[in-house]
Number of protein chains: 4
Amino acid sequence: MRVKDEEKRQQIRDAAVRLINEMGFAGASMSKIAKAAGVSPATIYLYFENKEHMVQSLYLELKAGLLQGMMAGTDQEATIKGKLRRAWRNFHALLISRPEIYRFCEQFYNSPYIRALPPEKIDRIYSPMAAVFAAAEAQGLIRPLPFAVAFTSVFGPLGLVMKLGPQNGVPSTPEELDTLFDMAWRSVAA
Amino acid sequence: MRVKDEEKRQQIRDAAVRLINEMGFAGASMSKIAKAAGVSPATIYLYFENKEHMVQSLYLELKAGLLQGMMAGTDQEATIKGKLRRAWRNFHALLISRPEIYRFCEQFYNSPYIRALPPEKIDRIYSPMAAVFAAAEAQGLIRPLPFAVAFTSVFGPLGLVMKLGPQNGVPSTPEELDTLFDMAWRSVAA
Amino acid sequence: MRVKDEEKRQQIRDAAVRLINEMGFAGASMSKIAKAAGVSPATIYLYFENKEHMVQSLYLELKAGLLQGMMAGTDQEATIKGKLRRAWRNFHALLISRPEIYRFCEQFYNSPYIRALPPEKIDRIYSPMAAVFAAAEAQGLIRPLPFAVAFTSVFGPLGLVMKLGPQNGVPSTPEELDTLFDMAWRSVAA
Amino acid sequence: MRVKDEEKRQQIRDAAVRLINEMGFAGASMSKIAKAAGVSPATIYLYFENKEHMVQSLYLELKAGLLQGMMAGTDQEATIKGKLRRAWRNFHALLISRPEIYRFCEQFYNSPYIRALPPEKIDRIYSPMAAVFAAAEAQGLIRPLPFAVAFTSVFGPLGLVMKLGPQNGVPSTPEELDTLFDMAWRSVAA
DNA sequence: GATGAATGAGGATTCATTCAT
DNA sequence: CATGAATGAATCCTCATTCAT
C-alpha cells in the first residue's frame, strides 16, 4: 500500500517538474499535470494541499536532493579543499545528468513564489554545506565571508555557466572543468 | 487625432515590471497591469502585440538598459581592469538603485519564456561588453575563456549575492565591495 | 464520481439552438447559453470542444433529425409519389411543430460556418432521401436530374414559403397544401 | 467632392460585403472592414450610424440592386412569360457574375438581423416584380397564389440550386437552364 | 471630412478546486 | 484511495464605438 502511494506521488512530482520546466508555473495547469501523470486532477489534491504547496514541496525536495547529491562522498575526502572539489564535481555531474532539477529550482528561486517560503526551511538544507565552509574558514583556507557569499562564489558560476547551453562555451573536457574549479577556488581562497 | 504617447508606454512598462516582480508572470494579469498603469486593458494592446511580446520587449529593454548602465563611463578608464572595475561598480550601483530591473531580468531568464527569444537579440546587447573582455584576453590579462564564461565569472557572483538580501551577508561597505571585486577578478585573472 | 448526463447535453443543446435563433451566432455567447441551460460556462466545454464544434454538432444533429422526421412512415407508402408526398407533409408538419430546427439549419447553412463542414457528413444524412429520388427517376416518374437539384425543387419552395411568415401567404388549409405539393411535384414530374 | 465621398462609401460597402461573406457578421469587425476598405474605423461612422444600420443598409442596397438587375430589359418583352423568363435568366446571370450579392442577402435574410427591418422596406423593392406576377395572374397564366409564394416557386429553386456549388449539379449548359426554367414555370402555370 | 488613439464591456476559453460516486 | 464531472472566477484579448486633433 505504502509503496503504491509513493509511486503515484512520484509520478505527479515528475510530471509537475517536467511541465513546469517546459511551460512555466502558469502554463503547467493542474489538469495538464494530472494528465501527464496519468491520474485525475482530484488525485493531486490527495497528495498536495494545493498548487502553491505542491510547488513549494517540489522545490524543497529537489533542492534538498541537490544538496545531498553535492555532499555525497565528501566525508571520504581528507581535506577541506578535497571536500569542496568533490562537491563541486558532484554538482557538475548532477547538472549534466539531471538538468531538470536545477532548472526547476532556479525558476522557483527567481520567481516571487520563493518569498512565501520561510528562509529557515532553506537554510536547513544548506547546513551540512555550511559546516564545510565554516571549517574552511576556521582553518584559514578561505577568506572570512558570510556563508552565502562564499558558497555563491564557489558554486554560483558553475550553475550559471551550465545554464548558458553548450553553444556558449559550457566546459566539457576534464581540463576545462579543472580550470573552472580552480577559478572558483581562487576567488575565495585566503 | 490623438497622438500616441511615449509617456503612456512608460506607464504600462513600469506597471508591468512592478507587478510581474511582485506576482510573477501569471499573477500579473493584463487587467491588473492596466489598472496599475491607469489605462484600459485594451490600450496595452496598442503598444504591445500581446502579453508574450510585451514581456519579451520588457526584458530586452531592461537588459539593454542594464548593460548600457554597466558600460557607462568605462571609456574614460585607461586600463582594461579599470574599465571592468568601473562596470562592476556600475552594476552594483544599479542593483542597489534599481533592483527591480535585475529582478525582472532574472525571473525572465530563468523561465521558459526565454526560449522564445532569438539568442542573437541578446548577444547584440552584450557586444560592447564582449569587446572589453576580448581586449583583456588579447592583453593577456585574463585567462582564455569563452566570453560568456568569463563574464559570468566576473559579474555573476555579484548578482547572485545581491539576490540574497541584506540579512544573508550582502556587502555594503566599500571595503567589502572591493573584496568582492577582487575575488571576481582573481577568478579570471591570468 | 459523477456521471456525465445526457440530459445536461440536451439542456445545453436546446438553449444554444434557441439563443442562436434569437440572437445569431455572435449574439448567443457561451455565457448566455450556459445561463439559459442552467449550467456553468465551463460545463459546456465538457460536452463540446469549442463553440465552432458545438454549432457544427448542433447543425448535424438537427439536420439528421429533420431528414429522419421527413422519412418517417415513407416505407409504408406503396408508391414513390406516395413516399414523396408523405415526406413532403412530414416536412410541413415539422416546420409547423418545430420551426426552430429548420430555422437554425438555414441560418447555419447560409453562414460561412458551413464551409468548415466536410460535405460528406451532410451527404450521408441525405442518402435515404436520395434513394427515393433515384427510384423515382428509375421508374421514369421524374425528369433525370442531379439529386440535389430534384430535392431542392420539391422541398425547397415549401421551406422558403414557410420562412415568409403567416402574413405573406403561408398555406394553412389542406387544399392550399395540396396545391403546393402539386406545384412541387409538377416541376419535377417527367 | 461628392464623387470622392461616394467612392469611399463604395470602398466601405465592398469591403464589408466581402468580409461578412467570408467571416460572418461577427467575424467581420468594424476594424477589419475599415482596414480592408483602406479607411479609419471612425470613418465608417461618418457613412453609417452603426454596425447594425450598416448591415441593414447593405442588405437593402444589394437586394434592390438584385431586383433591379432581374427586371432589366423585361419591359422590352412582349409577353408576361417572356418577362419572367428574362428576369429568371437575369437572375441566373447575376448569380454567376456577382455571387457575393446573393450570398450576402441570404446570410442576412436567414439571420435574426432580418427581424429588425420593417417588412415594407423589403416589399417596396419587390413591387415591380409583384406587378408582373399580378398581371400574369390577371391573364390567367398562373395559378392564383399570394405573390410571395408564386415568386418563391419561380425563383427560389434557382437560388437554392446555385448555392449548392458546381459539384452538386448546378446547371451550366443552356439546355439545362431551359429545363430548370421550364420546371419553375410549370409549377406555377395555371 | 478624416483620423488613429483610447476605452469599458464583453467575447471564448481555461483555471484551481470541489463534489458525488 | 481515486475518480471524472462540475463550477465560478479569472484569463487574454477583441469589440463597437467615441474622443481629440
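Note that the structure is predicted; figures quoted are calculated from it, not measured. The sequence lines fix the lettering, A, B, ..., with proteins before strands; numbering per chain opens at 1.
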Legend entry - Side-chain N,O (D:Lys8) to OP1/OP2 (E:dG1) below 4.0 Å: no
Legend entry - Distance in angstrom units between C:Ile20 CD1 and E:dG11 C1', rounded: 14 Å
Could you list, one pair per line, each protein nitrogen or oxygen that sits under 3.5 Å from a nitrogen or oxygen of nucleotides 13-16 of chain E, together with the distance?
residue : atom : partner : partner atom : Å
E:dT13  : OP2  : C:Tyr45 : OH           : 2.6
E:dT13  : OP2  : C:Lys51 : N            : 2.9
E:dT13  : O5'  : C:Tyr45 : OH           : 3.3
E:dA16  : OP1  : A:Lys51 : NZ           : 2.6
E:dA16  : OP2  : A:Met30 : N            : 2.6

Legend entry - Close side-chain approach of D:Met54 to D:Glu49, heavy-atom, < 4.5 Å: no
Inset, instruction - Could you state the atom-to-atom distance from CD of B:Gln11 to P of E:dA6 in whole Å? - result: 10 Å
Would you give me the side-chain donor-acceptor pairs under 3.5 Å for residues 55-63 of chain A, sequence neighbours excluded?
residue : atom : partner  : partner atom : Å
A:Ser57 : OG   : A:His53  : O            : 2.9
A:Glu61 : OE1  : A:Arg13  : NH1          : 2.9
A:Glu61 : OE2  : A:Arg9   : NH2          : 2.3
A:Lys63 : NZ   : A:Tyr126 : OH           : 3.1

Inset, instruction - Rounded to the nearest angstrom, tell me the gap between atom CD1 in C:Ile44 and atom C1' in E:dG11. - result: 13 Å
Inset, instruction - Would you please name every residue forming a side chain to side chain donor-acceptor pair (under 3.5 Å) with D:Glu22, sequence neighbours left out? - result: none
Inset, instruction - Would you kindly give the CD1-to-C1' distance between B:Ile12 and E:dT7, to the nearest whole Å? - result: 12 Å
Legend entry - Nucleotide E:dA6, atom C1' - distance to NZ of B:Lys35 in whole Å: 18 Å
Legend entry - B:Phe48 CZ - F:dT14 P separation (whole Å): 15 Å
Legend entry - Residue list, side chain to side chain donor-acceptor pair (under 3.5 Å) with C:Glu100, at least two apart or on another chain: C:Arg98
Inset, instruction - Quick one: list whatever passes ring-ring contact (aromatic ring centres under 6.0 Å, His included) with D:Tyr113, sequence neighbours left out. - result: D:Phe25
Inset, instruction - Keeping to residues at least two apart or across chains, list the side chain to side chain donor-acceptor pair (under 3.5 Å) pairs with something in residues 27-44 of chain C. - result: none
Legend entry - Nucleotide E:dG1, atom C1' - distance to CD of D:Glu7 in whole Å: 15 Å
Inset, instruction - Output all residues satisfying ring-ring contact (aromatic ring centres under 6.0 Å, His included) with B:Tyr102, sequence neighbours left out; order by chain, then residue number. - result: B:Phe91
Legend entry - Rounded interatomic separation in angstrom, taking CD from A:Glu6 and C1' from F:dC1: 15 Å
Legend entry - From A:Ile114 atom CD1 to A:Phe108 atom CZ, the distance as rounded to the nearest 0.5 Å: 4.5 Å
Inset, instruction - Counting Watson-Crick and G-U wobble pairs whose two distances are both under 3.5 Å, find the runs of 3 or more in a row that involve DNA chain E. - result: E:2-21 with F:2-21
Legend entry - Any residue meeting salt bridge (Lys or Arg N to Asp or Glu O under 4.0 Å) with A:Lys163, in chain and number order, not counting sequence neighbours: A:Glu106
Inset, instruction - Between E:dA2, E:dT7, F:dA5, spot the one nearest the side chain of B:Leu46, thanks. - result: E:dT7
